[in-house]
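Heads up: the structure comes next, in structure tokens.
Per chain, numbering begins at 1; letters A, B, ... match sequence-line order.
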Amino acid sequence: MAIDMKWFDEMEARIPHGEVRTRFAPSPTGYMHVGNLRTALYTWLIARHAGGKFILRIEDTDQGRLVADAVDVIYATMRRCGLTWDEGPDVGGPVGPYIQTQRRDLYGKYAQLLIEKGCAYRCFCTEERLEELRRDDPNAKYDRRCLSLTAEEIQAKLDAGEPYVIRQRIPEGSTTFHDAVYGDITVDNAELDDQILIKSDGLPTYNFANVVDDHLMGITHVVRGAEYLSSAPKYNLLYEAFGWEVPTYIHCASVMFNDPATGTVRKMSKRHGDPSYQDLVAQGYLSQAVVNYVALLGWAPHGDIAEQEFFTMDELVKAFEIEGISKSPSAFDMDKLNYFNATYLRELSPEEFAREAQPWIRRTVKNPAYDTAAIAALLQARCEKLSDIPEKVDFFDALPDYDVALFTNKKSKTNGEVSLEMLKQAYPVLEGLGCWSQDAIHDGLVGLAETLSVKNATLMWPVRIAVAGKAVTPGGAVEICRILGKDETLRRMKLGMEKLQ
RNA sequence: GGCCCGGUGGUCAAGCGGCUAAGACACCGCCCUUUCACGGCGGUAACACGGGUUCGAUUCCCGUCCGGGUCACCA
């Protein structure tokens, strides 16, 4: 089995040099974890900050999934978040293909190369035998029985068609690897198992495929979750075995979830029903708000912008330094995300907000006569997320069956009696208005309050309750009357007076 | 359990030997006001613990405790 070195040389020749290259390598699962999104963001930021390339690679070695849709979810999420890629399955690039299942032939050849170098070996041990080993000692590593097979024995087994895996041969000693966030970490190689590189079905394990692909794609900075920290030494050993340059490792502490329902903090996971990026969008969170918030979950700006919290993508690219990544896990806090989203919502122009809000308003406001833009204007400063909207505007279509007790409000100095009087006074004023505009209604009612020598609230409160039937509404009496229209306003006021009789 | 990593208010966090230990969210007051918001002002609240090193430790070292990760023919 001669090795065709020419082929390897050609692969090497394709690798770009002299620029920062990072990659995001998701498995197409159909949704994007918040933690994954953050990893993607940091990876992208490192590339952009350095003026380098950002690559998208799909790790789909897990077959039996409807990959097509899931990959689309990844594309859509990245696009909505502004994470543009320079190379990837759809746009191609110099070191493709960018889908792992399309690269499966590569790995075997590289594993073979490792065998030649004496850094890997075939293992014919059956699953049963391995289980036995574990039964004797749950913590047992592979006992390397197949390492001592002679060339003849191996050939005989090969000829007999015995299935085998290829294992990495971990050398003696200890391994030190450097992480840009965690610093130098040294482990005793005795702790490391002779991990499997190629499975008996011929496909590579995740760890092996990762190393090979990262090298062949010229990745200079590997950004990943801290859950991979303990397998990092094995990566180093693999790079060393190949004689490849080790990329810069950037491990990011995991994202925890601060569950407001239970008050507990735990690792964020879809399994527990913690929100994914898709869930958040469906709940009416803006991508930019989510991205901005997530950027700060485990990273903080330094220097003269250490206190800055709101960033445009351009500002993030400029500010993002690896040194700012934190070592300790951070909890995803819905309250803080709400704050970010509310702020982004308020910064939208009235037109933009109206466009975003429209579908949510229409969930409960079906009457086409009501102006959604006007309603949206009332909502912009009053919701943290778009999904807050439907409940807030439900009184437009149907006046709730409210309790007369609502007419009583201490601060506004109203009770049932006062309210009835106010409505009686306000009714003819509004009825007599020639123009049903915001100003006309406002001036009419404020003028009346002045005439009656009562504070504005004493008059406004009953009117608002009568027309909205709710204690809390977006906007005040004037705005609501204006949107409801004159006829509906008067009708509701009359109903209010009847209730109070 | 072995190994690895981490530990500043409830949460996100700045700090990188000397500070009254920033700032933000949340919370609580007050102001504004046509309810609620928005906005403005103010407040409560932290260096896990014990040893060192040092003139001096939140900062450096060790231990304890606590939390997380990892020990697959899964990624």
Side-chain angles (χ1 to χ4, degrees), chain A residues 25-27 29 59-62 100 123 125 127 130 134 138-141 163-167 179 181-183 185-188 190-193 195-207 209-210 225-233 251 253-254 256 258 260 263 265-267 293 296-303 306-310 323-324 326-340 342 346 378-384 392 406 409 411-412 442 445-446 449 455-461 463-465 468 470-480:
Chain A
S27 294
T29 56
E59 309 219 328
D60 60 345
T61 53
D62 190 1
Q100 236 166 30
C123 169
C125 291
E127 298 250 25
L130 297 178
R134 271 190 291 261
N139 299 318
K141 292 187 283 292
Y164 65 91
V165 301
I166 297 178
R167 286 181 184 273
D179 182 89
V181 175
Y182 291 91
I185 296 174
T186 302
V187 296
D188 190 336
E191 295 293 331
L192 276 22
D193 201 359
Q195 68 172 338
I196 292 173
L197 269 20
I198 301 288
K199 298 181 275 187
S200 57
D201 62 4
L203 290 175
T205 55
Y206 166 82
N207 288 307
N210 236 272
E227 63 268 25
Y228 297 109
L229 207 49
S230 24
S231 55
H251 285 95
S254 44
M256 312 297 282
N258 198 352
V265 178
R266 56 158 187 272
K267 189 175 182 206
Y293 172 60
L296 264 14
L297 254 192
W299 172 82
H302 288 261
E307 287 187 17
Q308 185 175 342
E309 281 198 309
F310 288 90
E323 292 68 40
S326 84
K327 291 196 263 253
S328 47
S330 38
F332 182 91
D333 183 9
M334 268 301 184
D335 282 333
K336 186 113 188 195
L337 174 63
N338 284 338
Y339 163 74
F340 269 86
R346 271 179 248 125
L378 301 181
L379 258 9
Q380 189 159 9
R382 281 175 251 254
C383 51
E384 297 185 313
K392 288 185 190 293
L406 280 186
N409 180 266
K411 207 172 149 217
S412 303
H442 176 268
L445 289 176
V446 170
K455 48 193 280 191
N456 288 342
T458 306
L459 176 63
M460 297 293 187
W461 180 276
V463 173
R464 193 178 59 84
I465 295 301
K470 292 178 87 172
V472 174
T473 57
V478 175
E479 290 91 341
I480 294 169

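Between rG68(B) and S328(A), no contact under 4.0 Å exists linking OP1 or OP2 to a side-chain N or O. OP1 or OP2 of rG15(B) lies within a sub-4.0 Å distance of a side-chain N or O belonging to H302(A). The side chain of Y206(A) places no N or O atom within less than 4.0 Å of a non-bridging phosphate oxygen (OP1 or OP2) of rA75(B). The side chain of R134(A) contributes no N or O atom lying less than 4.0 Å from OP1 or OP2 of rC71(B). When the side-chain nitrogen and oxygen atoms of K199(A) are compared with OP1 and OP2 of rA75(B), one or more of them lie within a distance under 4.0 Å. Between K470(A) and rC36(B), a side-chain N or O to OP1/OP2 separation shorter than 4.0 Å is absent.
Comparing A300(A) and D335(A) along RNA chain B, the residue whose closest nucleotide (by nearest heavy atom) sits nearer the 5' end is A300(A). Both D188(A) and A477(A) lie near RNA chain B, and the one whose nearest nucleotide falls closer to the 5' end is D188(A).
Nearest to the side-chain atoms of A381(A) among the listed nucleotides rA26(B), rA75(B), rA37(B) stands rA37(B). When the nucleotides rC73(B), rA75(B), rA37(B) are ranked by their closest atom to the side chain of R382(A), rA37(B) comes out on top. Of all nucleotides listed (rA14(B), rU11(B), rA26(B)), rU11(B) comes nearest to the side chain of D333(A). Checked against rC36(B), rU34(B), rA22(B), the side chain of V472(A) finds its nearest nucleotide in rC36(B). For A331(A), counting side-chain heavy atoms from C-beta on, the closest listed nucleotide (rC3(B), rC12(B), rA37(B)) is rC12(B). Listed nucleotides rC12(B), rU11(B), rU35(B) differ in distance to K411(A); the shortest reach to its side chain belongs to rU35(B). Distance from the side chain of V478(A) is smallest for rU34(B) among the nucleotides rU35(B), rC4(B), rU34(B). When distances are taken from the side chain of Y182(A) to each of rC73(B), rA75(B), rG6(B), the shortest belongs to rG6(B). Of the candidate nucleotides rA75(B), rG10(B), rG39(B), rG39(B) has the atom nearest to the side chain of R346(A). Which of rU34(B), rU70(B), rU35(B) sits closest to the side chain of T473(A) comes down to rU35(B).
At the heavy-atom level, Y228(A) lies under 4.0 Å from base atoms of the strands shown. If you check every strand for non-hydrogen atoms under 4.0 Å, S200(A) touches a base. Looking at heavy-atom distances under 4.0 Å, A457(A) makes contact with sugar-phosphate atoms alone, never a base. At the heavy-atom level, C123(A) lies nowhere under 4.0 Å from the strands shown. Note on N456(A): only backbone sugar-phosphate atoms sit closer than 4.0 angstrom, heavy atoms only; bases stay farther off. Among the heavy atoms of the strands lying under 4.0 Å from G298(A) are primed sugar atoms or P, OP1, OP2 only; no base atom is included.
Residues L297(A) and K336(A) are not in side-chain contact: their nearest non-hydrogen atoms beyond the backbone lie 4.5 Å or more apart. You'll find the side chain of V165(A) stays beyond 4.5 Å of the side chain of I198(A), heavy atoms only. Between E59(A) and P26(A), the closest side-chain pair of non-hydrogen atoms is not below 4.5 Å. Using a 4.5 Å cut-off on side-chain heavy atoms (C-beta onward), Y228(A) and H251(A) make contact. Contact check for L192(A) versus P233(A): side-chain heavy atoms found under the 4.5 Å cut-off.
Taking atom NE2 on H442(A) and atom P on rU33(B), their separation rounds to 12 Å, with Å as the unit. Rounded to whole Å, the distance from OH on Y339(A) to P on rG39(B) is 8 Å. If you take NZ of K455(A) and P of rU34(B), they are 9 Å apart, rounded to a whole angstrom. Separating the CD1 atom of I196(A) from the P atom of rC73(B) is a distance of 4 Å, rounded to the nearest angstrom. When rounded to the nearest whole Å, the span between CG of L296(A) and C1' of rA14(B) equals 12 Å. If you take CG of D193(A) and C1' of rG2(B), they are 13 Å apart, rounded to a whole angstrom. The distance from atom CD of E227(A) to atom P of rC4(B) is 19 Å, rounded to the nearest whole Å. The interatomic distance linking L192(A) (CG) with rA72(B) (P) rounds to 12 Å, in whole Å.
Taking the charged nitrogens against the carboxylate oxygens, R134(A) and E127(A) have no contact shorter than 4.0 Å, which rules out a salt bridge.
The C1' atoms of rA22(B) and rC47(B) are separated by 14 Å, rounded to the nearest whole Å. Taking atom C1' on both rA46(B) and rA26(B), the two are 15 Å apart, rounded to the nearest angstrom. Look at the C1' atom in both rC5(B) and rC41(B): the space between them is 43 Å, to the nearest Å. For the C1' atom pair drawn from rC12(B) and rG7(B), the interatomic distance equals 15 Å after rounding to whole Å. For rG56(B) and rG18(B), the C1' atoms lie 7 Å apart once the distance is rounded to whole Å. Separating the C1' atom of rC16(B) from that of rU59(B) is a span of 7 Å, rounded to the nearest Å. Between the P atoms of rC65(B) and rC27(B), the separation comes to 38 Å (whole Å). rU54(B) and rA48(B): their C1' atoms are spaced 23 Å apart (whole Å).
Side-chain to base pairing of N139(A) with rG2(B): no donor and acceptor N or O lie closer than 3.5 Å to each other. Side-chain N/O atoms of S230(A) and base N/O atoms of rC4(B) include no donor-acceptor pair closer than 3.5 Å. Taking only distance into account, the side chain of K336(A) meets the base of rA24(B) through a donor-acceptor pair shorter than 3.5 Å. Between the base of rU35(B) and the side chain of R464(A) there is a donor-acceptor pair shorter than 3.5 Å.
Nucleotide rA45(B) forms no Watson-Crick or G-U wobble pair with any nucleotide shown, as no partner meets the under 3.5 Å limit on both distances. Under the Watson-Crick or G-U wobble criterion, with both distances below 3.5 Å, rC16(B) is left unpaired in every strand shown. The pairing partner recorded for rC38(B) is none, the criterion being a Watson-Crick or G-U wobble arrangement whose two distances lie under 3.5 angstrom. Pairing partner, rA22(B): none, since no Watson-Crick or wobble contact has both distances short of 3.5 Å. Applying the Watson-Crick and G-U wobble criteria (two distances, each under 3.5 Å), rU70(B) pairs with rG2(B).
Relative orientation of the Y293(A) and F340(A) rings is tilted, given thresholds of 30° and 60° on the angle between their planes.
Using modelled atom types, no side-chain atom of Y164(A) and backbone atom of K199(A) make a donor-acceptor pair closer than 3.5 Å.
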Decide side-chain contact (heavy atoms from CB on, under 4.5 Å) for F332(A) and M256(A); before the verdict, give the C-alpha distance in whole Å, the side-chain angles of both, and the deciding distance to 0.1 Å.
CA-CA 6 Å; F332(A) 182 91; M256(A) 312 297 282; over 6 Å; no

Let's go through I166(A) and I196(A) carefully: what are the C-alpha distance in whole Å and the side-chain angles of both, what is the deciding distance for side-chain contact (heavy atoms from CB on, under 4.5 Å) to 0.1 Å, and is it a yes or a no?
CA-CA 6 Å; I166(A) 297 178; I196(A) 292 173; over 6 Å; no

